Student: 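Submitted below is the structure of interest, expressed as structure tokens.
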Amino acid sequence: MAILKILTYPEKSLLQPSDKVGTIDDDIIKLTEDMGETMFEAPGVGLAAPQVGVNKRIIVYDSNAANPEDDGSKKKFTALINPEIISASGSIISEKEACLSVLDYSSDVKRYETVTVKALDTEGKQLEFEAQGILAVIMQHEIDHLDGILFIDRISILKRTMYKKKLAKKLKIK
């Protein structure tokens, strides 16, 4: 397994929709393993393939993220191929949502409270499950990446503009 480079905003490829995975082969499985290792190393609770420069509809997430008993010692991830949200309900505020591709920024984001996700696992088996709370937020956040949407696209124009100005200033300093 390998640690992959995580792309950061304003990288243009992060804003592009991803292509569906046609065949789940050894390269795709290796990519999911590398993504899982990269996510835990970062550290994060989810990672989408576009964040590591691969324009494919693949996400990984911490299998224990929704477990309040989890102390972080068990590093187990789940990979989803071609995930999509097929239904959503309720409303919550994801407090201080952040992203490995959006440096030094977090914000409250309005999200659905419950989502139903359809995807394939790495063996090509069809999955369908309901996610609530933090897991629902992770699903929405990572699937947004596959559609070329960052969480900063879901906050107010004022907050987004302030972040972009702060980032532009920081990038000029480097």
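Positions are given from 1, in the same order as the sequence printed here. Since the model is a prediction, treat every value here as computed from it, not as a measurement.
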Student: What side-chain donor-acceptor pairs closer than 3.5 Å can you find for residues 134-143, not counting sequence neighbours?
Tutor:
residue, atom, partner, partner atom, Å
Gln140, OE1, Tyr112, N, 2.9
Gln140, NE2, Tyr112, O, 2.9
Gln140, NE2, Ala136, O, 3.0
His141, ND1, Glu97, OE2, 2.7
His141, NE2, His145, NE2, 3.4
Glu142, OE1, Ala48, N, 3.3

Student: Under a 4.5 Å cut-off applied to non-hydrogen side-chain atoms, are Val102 and Thr8 in contact?
Tutor: no

Student: What's the spacing between Leu14 CG and Gln51 CD if we round to 0.5 Å?
Tutor: 7.0 Å

Student: So Leu47 and Leu100, do their side chains get closer than 4.5 Å, heavy atoms only?
Tutor: yes

Student: Closest heavy-atom contact between Leu120 and Leu127?
Tutor: C-CD1, 4.3 Å

Student: Would a 4.5 Å heavy-atom cut-off, applied to side chains only, mark Tyr9 and Lys164 as touching?
Tutor: yes

Student: Once rounded to the nearest 0.5 Å, what's the spacing between atom CG of Leu171 and atom CG of Leu103?
Tutor: 8.5 Å

Student: Rounded to the nearest 0.5 Å, what separates atom CG in Asn55 from atom CZ in Arg57?
Tutor: 9.5 Å

Student: Does any part of the side chain of Ser18, heavy atoms only, come nearer than 4.5 Å to the side chain of Lys56, both counted from C-beta?
Tutor: no

Student: Provide the closest heavy-atom pair for Leu167 versus Pro10 in the form atom of the first, atom of the second, distance.
Tutor: CD2-CD, 4.0 Å

Student: Just verifying a value: how many Å separate Thr32 OG1 and Met39 CE, rounded to the nearest 0.5 Å?
Tutor: 11.0 Å

Student: Counting only heavy atoms from other residues, nucleotides and ligands, does the tally under 6.0 Å from NZ of Lys20 exceed 12?
Tutor: no

Student: Could you check whether any side-chain heavy atom of Leu80 comes within less than 4.5 Å of a side-chain heavy atom of Phe129, counting everything from C-beta outward?
Tutor: yes

Student: Scan residues 81-109 for pairs that pass ring-ring contact (aromatic ring centres under 6.0 Å, His included), counting only residues two or more places apart or in two chains.
Tutor: Tyr105-Tyr163

Student: Let me check something: any side-chain donor-acceptor pairs from residues 148-155 under 3.5 Å, sequence neighbours excluded? List them with distances.
Tutor:
residue, atom, partner, partner atom, Å
Asp153, OD2, Leu150, N, 2.8
Arg154, NE, Asp144, OD2, 2.6
Arg154, NH2, Asp144, OD1, 2.9
Arg154, NH2, Asp144, OD2, 3.4

Student: Mark yes or no for whether Asn82, through its side chain, and Val21, through its backbone, hold a donor-acceptor pair below 3.5 Å.
Tutor: yes

Student: With sequence neighbours left out, which residue pairs that include part of residues 126-139 fulfil the salt bridge (Lys or Arg N to Asp or Glu O under 4.0 Å) condition?
Tutor: none

Student: Donor-acceptor pair, Ser94 side chain versus Arg111 backbone, under 3.5 Å?
Tutor: no

Student: Side chains of Thr78 and Ser63: do they bring a donor and an acceptor to under 3.5 Å?
Tutor: yes

Student: In this structure, are over 12 heavy atoms from other groups packed under 6.0 Å from Asp26 atom CG?
Tutor: no

Student: Apart from Ile157 itself, what residues make up its hydrophobic cluster, given side-chain heavy atom links below 4.5 Å?
Tutor: none

Student: Output side-chain donor-acceptor pairs under 3.5 Å for residues 84-93, partner residues at least two apart or in another chain, one line each.
Tutor:
residue, atom, partner, partner atom, Å
Ser87, OG, Thr116, OG1, 3.0

